[in-house]
2 protein chains.
Amino acid sequence: MEKQTITIYDVAREAGVSMATVSRVVNGNPNVKPSTRKKVSEVIERLDYRPNAVARGLASKKTTTVGVIIPNVTDLFYSSLARGIDDIASMYKYNIILANSDENREKEVQVLNTLLAKQVDGLIFMGSTIDETILKELRRTTTPVVLAGTVISEPDILSVNIDYLAATKEATELLLSHNRTVAVVTGPGEYEINKDHIVKGYKEALEEKGIDFNEDLVIQSEYTFKDGDKIVDLLLDAGATAVVVSKDEVAIGILNALIERGVNVPDDFEIITSNNSMLTQVARPQLTSIQFPLYDIGAVAMRLLTKVMNNEEVEEPKVLLPHKIFTRQSTK
Amino acid sequence: MEKQTITIYDVAREAGVSMATVSRVVNGNPNVKPSTRKKVSEVIERLDYRPNAVARGLASKKTTTVGVIIPNVTDLFYSSLARGIDDIASMYKYNIILANSDENREKEVQVLNTLLAKQVDGLIFMGSTIDETILKELRRTTTPVVLAGTVISEPDILSVNIDYLAATKEATELLLSHNRTVAVVTGPGEYEINKDHIVKGYKEALEEKGIDFNEDLVIQSEYTFKDGDKIVDLLLDAGATAVVVSKDEVAIGILNALIERGVNVPDDFEIITSNNSMLTQVARPQLTSIQFPLYDIGAVAMRLLTKVMNNEEVEEPKVLLPHKIFTRQSTK
DNA sequence: ATGAAAGCGCTAACAT
DNA sequence: ATGTTAGCGCTTTCAT
């Protein structure tokens, strides 16, 4: 059985006009006499003609699809960005090809190449950092690229992100207002985001208060709630009475471990976490949290991308979105 | 500035062969003399030639991309399926175009049509149910379709799902072993899944125990943890001492409300929830939960789709995946 | 084993 | 306002 496709040519023949005219009405070109537009539209309706986007893409060199490289759709942080991206994309009539990378450098490069082979009109890259190899690949292509939620200092690359430094600093300041010894829990790995943003924000807050920096108060976590026990050991050993945590899962692990040891939160120990996910409201006591506008990062990144794809002027290559702090029960 | 694309023709000229031969080496066709294959490969490398997937798609009528309609990427249930889909898809060299539908009928139809216009080789549809309109659209196209995580009775449509009935029945039985009055909390709306699967499984368990069905023990929720208080009122009024809940968020809302009222879980009240998400481990007491193999639903659905796309034989149009129950602290 | 040539379904000048 | 005609970059017979 062969799929008998109806082409623009069939419509043209049936309507007694040329392909060009059909193409014009399909694309809403104003240069068509209303009566012939009507006639063609009827034939299109009758034959149930659907334009073939692939042919259109080949002829016009525009596919109206953008590639999205995401570490893991299952991670709420990134899926929130993805949702923002898709909403704006469909608003501008684009579709997204989504590809999981697991933040694995090889996969990232491989996926990038198949996306480019598919002639996407633009590309959004997500991931906690970006590696020199991919950067090189990105610079090589003429396809517009925007990074979303990816910390990067290169000035020539468009990106939309959160001001981790400012947020961490503010949270730290808040805790320092009734604690002398405040700790910070960062993510895993040697990423720029940890030391150049989170730890730096933490340090700046200390400095302004004239408090010496103590390395033991900076703890790296693997980003899972199972780390709670271990981290609480370190926290308590270092004499901390408050902590800024960069992931909700970890914060809740810490909270649970604290409660099990009979430490009262917030009276004896204060916690500020960072994702404002449902976990913060489900916890008892509920967790005070920084809120990052995740959806907006995606939305703004996609909006930026549409501008570049349209050769519109882009004022600022680096967009930093503002955060908020939601005060709940884990702080005094 | 024009993007100077290198085509198969450039490679052919440089290598002193025909386009056909280049096409053959690109596609791994064995009918090429090793020496010419080598020569062509070198030119490809040197010119940094990348096949244009759009042109290839037009010529071959295969795009190696599949459309995925998802209610909301931000919903862990569906993003888990999506991850399974993408992993298997990329294993078979497919990419996925992901489109959020919000389970909105109009969006679903609209998205379906743009996906078909983009000539996807196959389609995976997700959503708690499927409506007659879309069903009609799906039947009209010759593009293979598989439903994932969507409850549907039509026998001619391929689908991969969970056996909600069996799972609910088993959970209910477990609770009935030390409770006389067991309730069940379903999802919102008049969906087939609620009454034909969850409630039915619940009823079957009751019947086998010879217990009369009491409508007050079936509670509909909006699927948010904020419902907890309201539901606990109903639960306690109806005299229930145990409940099977079909969403973790709701279960945790119930748990928190119970604790606030001084009801001991599990001594005075038992809970079994259904998604085995991180929430179940983060809660105190930790929640006993049914586990559905979400990733596998996606993976199996995509695998099924590859078979259909390859015109391979499909034994069983409806695949039901097995569940497990993880016993934790919210049951005796 | 290799080449020639005809499309795939559409867009985009260019003509009229 | 409408039609003609080249392509877009590749696959795929069909020859050789």
Side-chain angles (χ1 to χ4, degrees), chain A residues 2-41 43-44 47-65 93 114 116-121 142, chain B residues 2-41 43-44 47-65 93 114 116-121 142:
Chain A
E2 259 312 299
K3 185 169 174 178
Q4 180 46 63
T5 36
I6 291 148
T7 74
I8 202 171
Y9 180 74
D10 299 316
V11 177
R13 190 173 19 73
E14 280 292 307
V17 297
S18 73
M19 291 166 58
T21 300
V22 178
S23 176
R24 286 187 188 102
V25 349
V26 166
N27 293 297
N29 185 317
N31 287 345
V32 182
K33 196 162 52 176
S35 66
T36 81
R37 176 186 304 283
K38 183 154 171 293
K39 184 175 60 183
V40 171
S41 297
V43 176
I44 286 177
L47 299 185
D48 194 26
Y49 163 72
R50 316 279 187 95
N52 178 325
V54 173
R56 192 183 275 192
L58 183 58
S60 70
K61 305 198 170 226
K62 293 202 180 324
T63 54
T64 63
T65 106
K93 310 290 181 206
T114 85
L116 292 175
K118 296 219 166 164
Q119 313 296 118
V120 294
D121 295 338
T142 57
Chain B
E2 261 310 300
K3 186 169 170 177
Q4 179 47 60
T5 37
I6 292 150
T7 74
I8 202 172
Y9 178 74
D10 299 317
V11 176
R13 188 172 22 72
E14 281 292 307
V17 297
S18 73
M19 290 167 59
T21 300
V22 178
S23 176
R24 286 188 187 99
V25 350
V26 167
N27 292 298
N29 184 316
N31 286 346
V32 181
K33 195 163 52 176
S35 66
T36 81
R37 177 185 303 282
K38 182 154 172 291
K39 184 174 59 183
V40 171
S41 298
V43 176
I44 287 177
L47 263 39
D48 194 27
Y49 164 72
R50 316 281 187 94
N52 178 325
V54 173
R56 190 183 274 192
L58 182 59
S60 69
K61 303 196 171 231
K62 293 200 181 326
T63 54
T64 62
T65 105
K93 309 289 180 207
T114 83
L116 291 175
K118 295 220 168 166
Q119 312 296 117
V120 293
D121 295 338
T142 56

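Note: hydrogens, waters and symmetry copies are ignored here, and every other heavy atom, side chains too, is used. Everything numeric here is computed off the predicted structure, so don't read it as measured data.
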Could you tell me the separation between the CD1 atom of A:Ile6 and the CD1 atom of A:Ile44, rounded to the nearest 0.5 Å?
11.0 Å
Kindly give the heavy-atom pair with the smallest separation between [X] and [Y], and that separation in Å.
X	Y	result
A:Val54	B:Gly57	CG1-C, 4.0 Å
B:Ile8	B:Tyr49	N-CE1, 3.6 Å
B:Arg56	B:Pro51	NH2-CB, 3.3 Å

Ignoring backbone atoms, establish whether A:Thr5 has a side-chain N or O less than 4.0 Å from OP1 or OP2 of C:dC8.
no
Among A:Asn52, A:Thr63, A:Thr64, find the one that has a side-chain hydrogen bond (donor to acceptor under 3.5 Å, both in side chains) with B:Lys118.
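With B:Lys118 as partner, A:Asn52, A:Thr63, A:Thr64 yield a single side-chain hydrogen bond (donor to acceptor under 3.5 Å, both in side chains), made by A:Thr64.
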In a table with atom names and distances, give each donor-acceptor pair under 3.5 Å that connects a side chain of residues 21-33 of chain B to protein atoms at least two apart or in another chain.
unit_1  : atom_1 : unit_2  : atom_2 : d
B:Thr21 : OG1    : B:Ser18 : OG     : 3.4
B:Ser23 : OG     : B:Asn27 : ND2    : 3.3
B:Asn27 : ND2    : B:Ser23 : O      : 2.8
B:Asn29 : OD1    : B:Asn31 : N      : 2.8

Where does the chain B footprint on DNA chain D start and end, counting 5' to 3' with a 4.0 Å heavy-atom cut-off?
D:dG9 to D:dT12
Round to the nearest Å and state the distance from A:Leu58 atom CG to C:dT11 atom C1'.
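My rounded result for the distance is 10 Å.
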Whole angstrom is fine here: how far is it from CD1 in A:Ile6 over to C1' in C:dC8?
16 Å
With side chain to side chain contact (heavy atoms under 4.5 Å, CB included) as the test, would you mind laying out the steps for A:Ser41 and A:Arg37 before giving the verdict?
CA-CA 6 Å; A:Ser41 297; A:Arg37 176 186 304 283; 4.1 Å; yes
Is there a side chain to side chain contact (heavy atoms under 4.5 Å, CB included) between B:Thr7 and B:Asp10? Walk through the geometry before answering.
CA-CA 5 Å; B:Thr7 74; B:Asp10 299 317; 3.5 Å; yes
Pair A:Lys93, B:Thr114: side-chain N/O donor-acceptor within cut-off below 3.5 Å
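The criterion, which ignores hydrogens and geometry beyond distance, is not satisfied for B:Thr114 and A:Lys93.
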Contact list for DNA chain D against residues 25-35 of chain A - heavy-atom distance below 4.0 Å
A:Asn31, A:Val32, A:Lys33
Please report how far the helix from C:dA1-D:dT16 to C:dT16-D:dA1 bends, comparing the axis fitted to its first five pairs with the axis fitted to its last five, to the nearest 10 degrees.
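Angle reported: 30°, given to the nearest ten degrees.
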Using a cut-off of under 3.5 Å, enumerate the N/O to N/O pairs linking the protein to nucleotides 3-6 of chain C.
unit_1 : atom_1 : unit_2  : atom_2 : d
C:dG3  : OP2    : B:Ser18 : N      : 2.7
C:dG3  : OP2    : B:Ser18 : OG     : 3.1
C:dG3  : OP2    : B:Thr21 : OG1    : 2.7
C:dG3  : N7     : B:Arg24 : NH1    : 3.4
C:dG3  : O6     : B:Arg24 : NH2    : 2.6

Using salt bridge (charged side-chain N to carboxylate O under 4.0 Å, His left out) as the criterion, list what pairs up with B:Lys62, not counting sequence neighbours.
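So B:Lys62 forms no salt bridge (charged side-chain N to carboxylate O under 4.0 Å, His left out) with any residue.
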